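All remarks here apply to the structure that follows.
Chain letters run A, B, ... following the sequence lines, proteins first and then strands; every chain starts at 1. What you see is a predicted model, and the numbers here were worked out from it, not measured in a lab.
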There are 2 protein chains.
Amino acid sequence: MDMTQRLSAEDWADAALDALGRGGLPAIAVEPIAARLGTTKGSFYWHFRNRDALIEAALHRWEERGTSQVIEALKAEEGPEAKLRKLFTTVIAFGLSHRIELSLLGSRDHPAVGPVLQRVAERRVTYVRELFEEVGFTPEEAHHRATLGVSIYLGHTQLAHTARAALPENVDALITSAIDALLTAPTPAPPTPPTSPT
Amino acid sequence: MDMTQRLSAEDWADAALDALGRGGLPAIAVEPIAARLGTTKGSFYWHFRNRDALIEAALHRWEERGTSQVIEALKAEEGPEAKLRKLFTTVIAFGLSHRIELSLLGSRDHPAVGPVLQRVAERRVTYVRELFEEVGFTPEEAHHRATLGVSIYLGHTQLAHTARAALPENVDALITSAIDALLTAPTPAPPTPPTSPT
DNA sequence: GTCCAACCATACGGTCCCGTATGGAGGTTG
DNA sequence: CAACCTCCATACGGGACCGTATGGTTGGAC
């Protein structure tokens, strides 16, 4: 590491985010992180009020990384369909962010964690839904397809982390074909009433 | 509760499973559960060797409930297609089991949790895959569709627990139409080449 | 009734973590 | 150089939980 003796609040937040990825919310503990940073609690309680403040700082950092930065990175793609394909093919390849997300699921009852997970989930569905609307689907159809798409993404991530052996070899092709189906195929038995054109 | 002063190991395992649903793995703690049962640690350490033994007992109970019992309950349905529909429509309606599963995801690094999650996930994919094969799909196609189906199920559950507001109103219809697509529609761009040179 | 085994209550020491109190070390400013 | 402000090390008390030790209670065998 660095021999810089003076630390900043951001250093502590980064270390907390790192610990979150390794051991979940309980791993955001002051004394272990202090030892890992090569310092003591004295440093921490100068920069932060208490442990909860560190938790919120780490969650805030994760929320930024998981939503805004991803959506920002997609602005380079042209057209909603290209964005959708790029989104699902790249986002599946992430690693650390997923570890943190799965860890947070176990602590969703924590008052600071639940709202973050809710905002992230809603932001994802909303964004994907808007893309499907831009493609040309009705709001209801777009909402349904977005829900399915996000569900596939979340479920696949969960499977990859718990039973990678149960996944087929060519997962990328599977995801691609699923996006194809979501983008092109008309719903066989659409739950929306048939009197709605377009 | 009951005024029966004498408890059994099963009582402790049930209480541990209950605690697991409320607070995740860290909630399987001897002293709090003892207080909840109206007894003391003296009772626990008579029936169990230590806390890890209690954790394994609770996980074993959950694994049984989540796999064998569900699959057993489906033997009443006739034909693979009916079983698939029944499976996905009923399994989505569960509640406590899902709470436990999401909590366990955050503790998948625990040596006793990871293998259980892996077995459960593999058993689910394998079973659904067999059903798709019975319907008439090739082993590869069945594997792909099973992976997608289980992913949709897992992802939907995750969304329902973190951002229920982001889900459309008629979720049942959405799930039904998704199963329809998985059962009937031929894959638009099948990832398996016809000549299979890999 | 006696006795023994199953079962439980209580007390204790140990570990890990939180948060506070307090006294520095080290650079900065006048 | 002296006062000062920033940042950190150390020490302390407290709480939660684990596991052990030990004695007490209860119910059935005989």
Side-chain angles (χ1 to χ4, degrees), chain A residues 1-60 100 103-104 106-107 109-113, chain B residues 1-60 100 103-104 106-107 109-113:
Chain A
M1 292 296 180
D2 198 347
M3 280 297 126
T4 314
Q5 294 296 0
R6 315 293 260 220
L7 296 175
S8 68
E10 281 72 26
D11 294 329
W12 275 95
D14 279 336
L17 191 60
D18 186 66
L20 186 62
R22 287 196 320 276
L25 197 63
I28 302 188
V30 178
E31 281 164 330
I33 295 181
R36 196 177 169 82
L37 285 174
T39 181
T40 64
K41 299 192 299 184
S43 170
F44 171 76
Y45 284 100
W46 172 259
H47 296 286
F48 289 88
R49 191 169 42 83
N50 53 17
R51 178 177 176 254
D52 285 334
L54 181 62
I55 290 177
E56 294 194 12
L59 290 177
H60 186 262
I100 294 178
S103 299
L104 288 180
S107 309
D109 288 337
H110 189 285
V113 173
Chain B
M1 289 299 180
D2 197 347
M3 280 298 129
T4 314
Q5 294 294 3
R6 315 293 263 220
L7 296 175
S8 68
E10 281 73 25
D11 293 329
W12 276 95
D14 280 335
L17 191 59
D18 186 67
L20 186 63
R22 288 197 318 277
L25 198 64
I28 302 189
V30 178
E31 283 165 329
I33 295 181
R36 196 159 214 274
L37 285 174
T39 181
T40 64
K41 299 192 298 183
S43 171
F44 172 76
Y45 284 100
W46 173 259
H47 296 287
F48 290 88
R49 193 170 39 83
N50 54 17
R51 178 177 177 253
D52 286 334
L54 182 62
I55 290 176
E56 294 193 12
L59 289 177
H60 186 262
I100 294 178
S103 299
L104 288 180
S107 308
D109 288 338
H110 189 286
V113 174

Q. At their closest point, which heavy atom of A:Arg51 faces which heavy atom of A:Leu25, and how far apart are they?
A. NH2-O, 3.3 Å
Q.
Between C1' on D:dC17 and CG on B:Asn50, what's the gap in Å once rounded to a whole number?
A. 14 Å
**Q.** Closest nucleotide among C:dC8, D:dC17, C:dC18 to the B:Leu7 side chain
**A.** C:dC8
Q. Quick one: is D:dC7 close enough that its OP1 or OP2 comes under 4.0 Å of any side-chain N or O from A:Arg6?
A. no
(Q) For a quick test of reading the model, state the closest non-hydrogen atom pair linking A:Leu17 to A:Ala58 and the distance between them. (A) CD1-O, 3.5 Å
Q.
Testing the basics here: between B:Asp18 and B:Arg36, what is the closest heavy-atom pair and its distance to 0.1 Å?
A. OD2-NH1, 3.3 Å
Q. Which whole-number value in Å describes the distance from B:Phe48 CZ to D:dC18 P?
A. 14 Å
Q.
By nearest atom, which of the nucleotides C:dC17, C:dA9, D:dA9 is closest to the A:Pro32 side chain?
A. C:dC17
Q: Write down the atom of B:Ile33, the atom of B:Ala15, and the distance for their closest heavy-atom approach.
A: CG2-CB, 3.7 Å
(Q) Run B:Trp12 and B:Phe44 through ring-ring contact (aromatic ring centres under 6.0 Å, His included) and show every step you take. (A) CA-CA 7 Å; B:Trp12 276 95; B:Phe44 172 76; 5.2 Å; yes
Q) Given atom CZ of B:Arg36 and atom P of D:dC17, what is their separation to the nearest angstrom? A) 14 Å
Q | Nucleotide C:dA6, atom P - distance to CZ of B:Phe44 in whole Å | A | 19 Å
Q: May I ask you to evaluate whether B:His47 reaches the phosphate of C:dC8, defined as a side-chain N or O under 4.0 Å from OP1 or OP2?
A: yes
(Q) Using whole Å, what does the distance between atom P of nucleotide C:dC12 and atom OH of B:Tyr45 come to? (A) 18 Å
Q | Short side-chain N/O contact from A:Trp46 to OP1 or OP2 of D:dC8, under 4.0 Å | A | no
Q.
Once you apply a heavy-atom cut-off of 4.0 Å, does B:Thr39 come out as touching a base, just sugar-phosphate, or nothing?
A. sugar-phosphate
Q | Whole-Å distance separating the CD atom of A:Glu31 from the P atom of D:dG14 | A | 16 Å
**Q.** Interatomic distance, B:Arg49 CZ vs D:dT20 C1' [rounded to whole Å]
**A.** 15 Å
Q: Would you tell me if any nitrogen or oxygen in the side chain of A:Ser43 comes within less than 4.0 Å of OP1 or OP2 on D:dA9?
A: no
Q: Take atom CD1 of A:Ile33 and atom P of C:dC16, then tell me their distance rounded to the nearest Å.
A: 17 Å
